[in-house]
Every structure is written in structure tokens, then in C-alpha cells.
Amino acid sequence: MASPIAIREGIHWVGALDPELRVFDIVMRTENGSSYNAYLVEGTSATALVDTVKHGFESQLLDRLAAIREPSGIDYLVVNHTEPDHSGAVGAFLEAAPDVTVIGTTRAIQFLEAQLNRAVRSRVVKAGDTLELGGRTLRFVPSPWLHWPDTMFSYLEEEQILFSGDVFGAHHADPALFDDAVANDFLDDFKYYYDVIMAPFAGHVQKGLSRIAELDIRIICPTHGPILRSSPERYIALYDEWSRARTRERPLAALCYASAHGFTAAIADAVAEGLRGGGVDVEMLDLVETGVDAAAAACLAADAVVIGSPTINGVPAPPALALLAHMDLFRSKGKPFGAFGSYGWSGEAVEMLMARAADLRMKPVGEGLRVAFAPSSEDLQLASDYGRAVAAATLGTA
Ligand code: FEO
């Protein structure tokens, strides 16, 4: 039977481990599995469960709770975030604890009721609201868009514990649970999680950090991965560093290309030369050598994006399509975008890439550049000119 793990007297981890998980939310690799962390906080007069677990893991949650107290003896359910990996077990929990009052932001309660298709007994909280449990006080710190509009932190004042929802999480399952006890270093998982889940909302991460800046935090209890007790300030500092807007001397373009016979690669060199001559630095990536994950990260971090692809059987090369599939609206919107490529007999790739960029609300520069077979010296000049046009769009001088 699954057992709870004590964090402090009367404060327990009651979540679920999912070590076999290999893909999260369709897009994330999870080589080390994950966990869905839930916490039980007992006061002298009331008890609160903070978050639940994913559907399919209800028995782990309910067994761990039962080892401490029957769910019917729990008074509150705090939902810091209602993505189903944390709310999937709410229905089962409410069946076992029908008199519970659910606490969350306005959006959290809305989202939860839409998932359950019924109303719940609830209390909406706003910044600074508290919940007295008897000798223990939860203070609520709504911080939307980390990474949904419903999200908030809950801070246990007396113990200086921050229940942080997805913030400071990592997909890393280890029954040892605490950051200073897990068997393997999890910082790579912590960074990858930040890059995929939080980086699109970097501005909101900064706002969230400012909201908790005045709190003394001894332990961070996130909803995924290790509990951070060894040095919480270290993890906060990493989030601060990663989410700060980078200032560059010159704007940066990510120029990613795939080339079957060297023709598109030659055009890429000329486009890069034009970009640099136009005042924009260039990070060039061969999609086949670099891989789509790294190229997508470069594109999302850059000020402008240029993709080169030949046309293969009427469509762009698969890595070029995959690259655009990895780019999201939040971080792509408004960026100048260029496309180019060599073709043999049809040449649809460039138009398709430009159309996809428009779907992402990027700013396509011209119609892109198509070259039949090997680029001539005139074609290379056009490619350089095209690079300069992208540079001008990036600098705002077009
Ligand atoms: Fe872990 Fe946004 O759910």
C-alpha cells in the first residue's frame, strides 16, 4: 500500500509516482518519468489537501491519505492549477470527501467545474487571502500564466513552505523525493521542464518571482519532481536567470536549413552573409546535424527566424516542417520570418513555410526565395539581398 512521506510533522507528500512515463503532454520527453505531487497539511482545527494527481493514479493518492486520515476528514482542497495531471483525481477525491470546500482562483474553479461537468462547493481566493487551519495558515498568491491562467502559489506561513504548482517542477520520478536525497542529478530535467513549460511565459515568470520575493521560503513543494529543500534560493535564482530578457548588442537571427545536395546550403550561406551585412548576428543550424529540438530552441530564443528547405515531392523537407511544428504562438508572434530553398521541378516548399509562419503570426519577409537547382552567382546575390531584407525587418528599418 502506498505510504505518505513526511515533510514536517503534520505535512505530508501524498502524491503519485509515474516512473514509466516517457512522453508528457504529447510533446515532452520524460526519460526519468514524472510524479504528480499532492500534499496534506494538517492544522489543529482543519486539514487541507493541496492539489491532487493525474487520472489513473487515484489509488496512490487515496491510499496515502487513508494512512493519515480518511478523506472524509479533510476540510479543504486547494487547487493551485487545474491541468488534468493535477485535477484528474479530483472527482474521485470528492466522492470520498463530499463535504470538502475547493479553494482556487476564479479561473481554477471555472476550469475544474468544466472538467467535472458539475458545480463544486468552492471559495474563490485572491492575492493575500488566507486559510486558517489552526496553528497553520495558508496564504494565497495568485500568479496567472504559470503556465495557465488559473495558476497560484500557496504559502504556508508558519513553516515557510511554498506550494508552487508547476513552477519549479521537473519530470523526474524518484521515491527518495527530496532534492538532496534523489539518486540522480535532476538539474537537466529541471531546465528542460523550464524550457518547455515555463519559457513561453518568461515575463509571467518574472512577475511570479516578484510576487514571492518577500516570502521567506525554506522548502518549495512543486507538483512535479523533487521537493526542493536543500537550497530553495538556488532554484529561484535559476528561474530568475532563465526568465530575464536577454539584451544583445545586435539582434540575432536563427537560420536553420536542410540541404540534400548542397544547393540549399549554398543559398543559406549567402542569406547569412546578407543578414550579417545588414546588422544582424546569425546562428546557423543544419537541421539534420543539429536536430529539431535544438533548432526550435534557437528559433524561439532568436529575434528573427529564417528556414531553408528544398522541395521534396511537393513539400518541405520533414525536419523543416517539424521545426515549425515545434514553434509556438506565444514566442513566435511578431518575429520576422524568411524562407528559401532550392527545388528541382515544382518548388512549393518556400510558399508552404511562409504560410505556416503566417499562421504563427510571424512577419513573413516578402515571398521568400526559390532557386531552381544550383544557385547561380545572380541567385546568390538575390539570397544575400534577401538576408539584408530580413535584417531590415528585424531592425525595424524596412
Ligand atoms: Fe503539471 Fe500544467 O500541469
Side-chain angles (χ1 to χ4, degrees), residues 13-39 49-58 60-61 77-93 102-116 140-154 162-174 177 179 186 189-205 207-209 212 220-228 235 239 242-243 328-331:
W13 176 85
V14 290
L17 294 173
D18 188 3
E20 306 305 323
L21 185 77
R22 289 296 172 266
V23 178
F24 178 82
D25 259 11
I26 304 170
V27 296
M28 281 189 82
R29 290 175 281 102
T30 50
E31 285 134 3
N32 296 305
S34 193
S35 61
Y36 316 110
N37 297 335
Y39 303 94
L49 174 64
V50 181
D51 292 312
T52 73
V53 301
K54 186 177 175 180
H55 176 60
F57 294 83
E58 291 87 348
Q60 284 200 48
L61 172 72
L77 168 63
V78 176
V79 287
N80 284 326
H81 174 39
T82 56
E83 191 165 6
D85 51 318
H86 309 296
S87 63
V90 168
F93 173 69
V102 181
I103 293 178
T105 62
T106 302
R107 301 305 297 276
I109 300 301
Q110 285 173 354
F111 292 172
L112 187 64
E113 291 183 339
Q115 290 175 41
L116 296 171
F140 302 108
V141 185
S143 199
W145 293 106
L146 294 176
H147 59 125
W148 275 23
D150 62 339
T151 47
M152 70 173 182
F153 300 105
S154 297
L162 184 73
F163 298 101
S164 62
D166 278 348
V167 184
F168 306 118
H171 289 308
H172 191 96
D174 188 319
L177 203 60
D179 63 337
F186 66 96
D189 290 338
F190 186 78
K191 176 66 162 67
Y192 177 58
Y193 181 98
Y194 174 85
D195 287 343
V196 177
I197 303 284
M198 294 296 162
F201 306 95
H204 294 285
V205 171
K207 285 181 192 166
L209 295 180
I212 61 172
I220 297 174
C221 292
T223 47
H224 297 286
I227 292 172
L228 310 172
Y235 303 101
Y239 260 53
W242 295 334
S243 59
D328 60 69
L329 192 63
F330 290 101
R331 284 176 290 179

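Counting starts at 1 for both ligands and their atoms, following the listed order. Values in this document were obtained by computation on a predicted structure and should not be read as measured data.
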Identify which one of F186, F24, Y192 satisfies the ring pair (Phe, Tyr, Trp, His ring centres under 6.0 Å) criterion when paired with H171. F24
Any side-chain donor paired with an acceptor under 3.5 Å for T82 and D150? yes
Tell me, with the steps shown, if H147 and H204 meet ring-ring contact (aromatic ring centres under 6.0 Å, His included). CA-CA 8 Å; H147 59 125; H204 294 285; over 10 Å; no
Within the stated cut-off of 2.8 Å, is an N/O/S atom of H81 closer than that to atom 1 (Fe) of ligand 1? no
Under 3.5 Å donor-acceptor, T52 side chain and H86 backbone: yes
Can you tell me which N/O/S atom of D85 has the shortest distance to atom 1 (Fe) of ligand 1? OD2
Which N, O or S atom of E83 lies nearest to atom 2 (Fe) of ligand 1, by name: OE1
Name, closest N/O/S atom of D166 to atom 1 (Fe) of ligand 1: OD1
